[in-house]
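Working notes, beginning with the structure itself.
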2 protein chains.
Amino acid sequence: MNFQNLIKEFKKKGYKLTPQRRIILEILSEEKHISAEEIYERIRSSQPNVSFGTVYRNLNILLELGLIKQLDFKDGRTRFELNEGHHHHLICLNCGSAVEIQSCPFSSEVQKAAISQNFSIKSHSFKVYGYCRNCNYKKEKKGDRKGEQRN
Amino acid sequence: MNFQNLIKEFKKKGYKLTPQRRIILEILSEEKHISAEEIYERIRSSQPNVSFGTVYRNLNILLELGLIKQLDFKDGRTRFELNEGHHHHLICLNCGSAVEIQSCPFSSEVQKAAISQNFSIKSHSFKVYGYCRNCNYKKEKKGDRKGEQRN
DNA sequence: CTTCTAAATAGGAATGGTTATAATTTAAGA
DNA sequence: TCTTAAATTATAACCATTCCTATTTAGAAG
Ligand SMILES: [Mn+2]
Ligand SMILES: [Mn+2]
Ligand SMILES: [Zn+2]
Ligand SMILES: [Zn+2]
């Protein structure tokens with residue numbers, strides 16, 4: 001969904017279109033996997049008095065509307081992206097960057113396991129942790145690192 | 001790994017065996033997917049002056065030793081379990097309970113995607129969100145609910 | 001264009017899980 | 001029993017996120 005459609009969708013739900021909201025939608029349209037703080041900092045360049053409350057409140061509205069998704073890359077902050085096609089991420093344990101992969105491993109075997117438990121599936125999360133192209137390269141000369149993360 | 005072996009492993013690494021540590025290992029041996037606060041409350045019944053610092057410090061040591069794993073079920077608190085066989089979870093959006101599934105969906109297709117990106121895989125996380133047997137049953141008479149979570 | 005007001009924002013305080021600090025206690029080896 | 005490095009307790013600090021409320025404003029109505 002592009003910027004203009006986001007605006008339209010937002011107004012259609014009866015929300016007012018404030019400058020702060022317009023900028024948040026702009027930022028989300030042009031950058032994936034962005035944190036609330038990053039959004040806050042960017043808005044400040046045009047709206048110096050914007051508050052964190054405004055950023056979080058609007059991100060939560062966008063989540064309720066289903067226009068964005070929340071992501072957790074295990075670096076202590078929630079990240080956000082527009083709710084476009086289903087995909088997963090390769091997340092670098094060293095630099096925190098994420099590469100998107102379109103391949104989805106959700107299998108009929110998992111489906112069966114859920115059915116056998118009378119569990120009704122609403123969504124799933126799949127993440128791969130490791131070292132990205134760039135950090136692999138650096139490791140060759142600087143020595144190894146370990147990665148611990150919550151699953 | 002059972003309780004006695006955990007103790008042995010812990011001492012072998014040069015750590016002192018305190019009563020607090022013994023109890024933490026006991027609790028972890030008998031309960032899966034337990035939070036720091038739950039551990040803290042349980043220890044208090046035999047060690048009333050135990051502090052949160054002790055709980056967190058020792059959980060972090062156990063993580064470093066690779067004896068336990070960290071889990072995130074999206075309810076705001078980190079959970080822990082002994083590092084036994086590789087498995088995944090069906091997580092209930094209503095009651096927060098988790099059912100373990102042995103089926104792992106990690107596929108050669110994902111492997112290929114990683115290779116094509118020069119990404120070296122260290123681990124992966126797969127979680128299924130939905131409603132458990134018990135909450136499904138309740139929903140039939142009480143009306144539906146929605147679930148939003150970080151992926 | 002002006003008025004009106006429900007909705008939104010700014011600024012700051014509060015929250016909650018987790019980590020850090022420093023004084024005191026203790027496990028365990030000599 | 002002595003000794004001491006390591007561990008614990010109690011408390012403060014941290015930090016992402018949420019809450020509170022006085023003030024501002026988008027957009028509807030006249
Ligand atoms: Mn993405
Ligand atoms: Mn488990
Ligand atoms: Zn998928
Ligand atoms: Zn797996």
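So that the names make sense, note that chain A is the first sequence line, chain B the second, and so on, each numbered from 1.
Only at 4.0 angstrom or more do the heavy atoms of residues 2-10 of chain B sit from any atom of DNA chain C, so none qualifies. Sorted by residue number, the members of residues 36-57 of chain B with any non-hydrogen atom under 4.0 Å from DNA chain D read B:N49, B:V50, B:S51, B:T54, B:R57.
Salt-bridge formation is detected for the pair B:E38/B:R79: a Lys NZ or Arg NE/NH1/NH2 atom is positioned less than 4.0 Å from an Asp or Glu carboxylate oxygen.
Residues passing the ring-ring contact (aromatic ring centres under 6.0 Å, His included) test with A:Y40 are A:F52, sequence neighbours excluded. For A:S51, the side-chain hydrogen bond (donor to acceptor under 3.5 Å, both in side chains) test picks out A:T54, with sequence neighbours left out. With sequence neighbours excluded, the residues forming a salt bridge (charged side-chain N to carboxylate O under 4.0 Å, His left out) with B:E100 are B:K32, listed by chain and number. Applying the ring-ring contact (aromatic ring centres under 6.0 Å, His included) test to B:H33 and every residue at least two apart in sequence or in another chain returns B:F73, B:H89. Residues that satisfy the side-chain hydrogen bond (donor to acceptor under 3.5 Å, both in side chains) test with A:N83, not counting sequence neighbours, are absent from this structure.
Residue pairs satisfying the salt bridge (Lys or Arg N to Asp or Glu O under 4.0 Å) criterion with at least one member in residues 101-121 of chain A, sequence neighbours excluded, are absent. For the salt bridge (Lys or Arg N to Asp or Glu O under 4.0 Å) condition, no pair includes a residue of residues 50-59 of chain B, sequence neighbours left out. Evaluation of the ring-ring contact (aromatic ring centres under 6.0 Å, His included) test over residues 92-113 of chain B, restricted to residues two or more places apart or in two chains, returns B:F106-B:H124.
Remark: P of D:dA16 and CZ of A:F80 are 13 Å apart, rounded to the nearest angstrom. Atom NZ in B:K13 sits about 17 Å away from atom P in D:dA6, given to the nearest Å. Rounded to whole Å, the distance from CG on A:L59 to C1' on D:dC19 is 16 Å. Taking atom CG on B:N60 and atom P on D:dA6, their separation rounds to 18 Å, with Å as the unit. Atom-to-atom, NZ of B:K74 to P of C:dG17 comes out at 16 Å; the value is rounded to the nearest Å. Spacing between atom CD1 of B:I61 and atom P of C:dA20 amounts to 13 Å, rounded to whole angstrom units. Between A:N58 atom CG and D:dC19 atom C1' the separation is 15 Å, expressed in whole Å. Atom C1' of nucleotide D:dC15 and atom CG of A:D75 are separated by 13 Å, given to the nearest angstrom.
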Protein-nucleic acid N or O pairs under 3.5 Å, nucleotides 25-29 of chain D:
{"residue": "D:dA26", "atom": "N3", "partner": "A:K16", "partner atom": "NZ", "Å": "3.1"}
{"residue": "D:dG27", "atom": "OP1", "partner": "A:L17", "partner atom": "N", "Å": "2.7"}

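Under the 4.5 Å side-chain contact rule for hydrophobic residues, B:I115 and B:F119 do not share a cluster.
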Using atom types as modelled, flag every donor-acceptor pair under 3.5 Å from a side chain in residues 8-23 of chain A to any protein atom, sequence neighbours excluded.
{"residue": "A:T18", "atom": "OG1", "partner": "A:R21", "partner atom": "N", "Å": "3.1"}
{"residue": "A:R21", "atom": "NE", "partner": "A:N58", "partner atom": "OD1", "Å": "2.6"}
{"residue": "A:R21", "atom": "NH1", "partner": "A:K16", "partner atom": "O", "Å": "2.8"}
{"residue": "A:R21", "atom": "NH2", "partner": "A:N58", "partner atom": "OD1", "Å": "3.2"}

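Applying the 4.0 Å criterion to OP1 and OP2 of C:dG16, one finds that B:R77 has every side-chain N and O outside that range.
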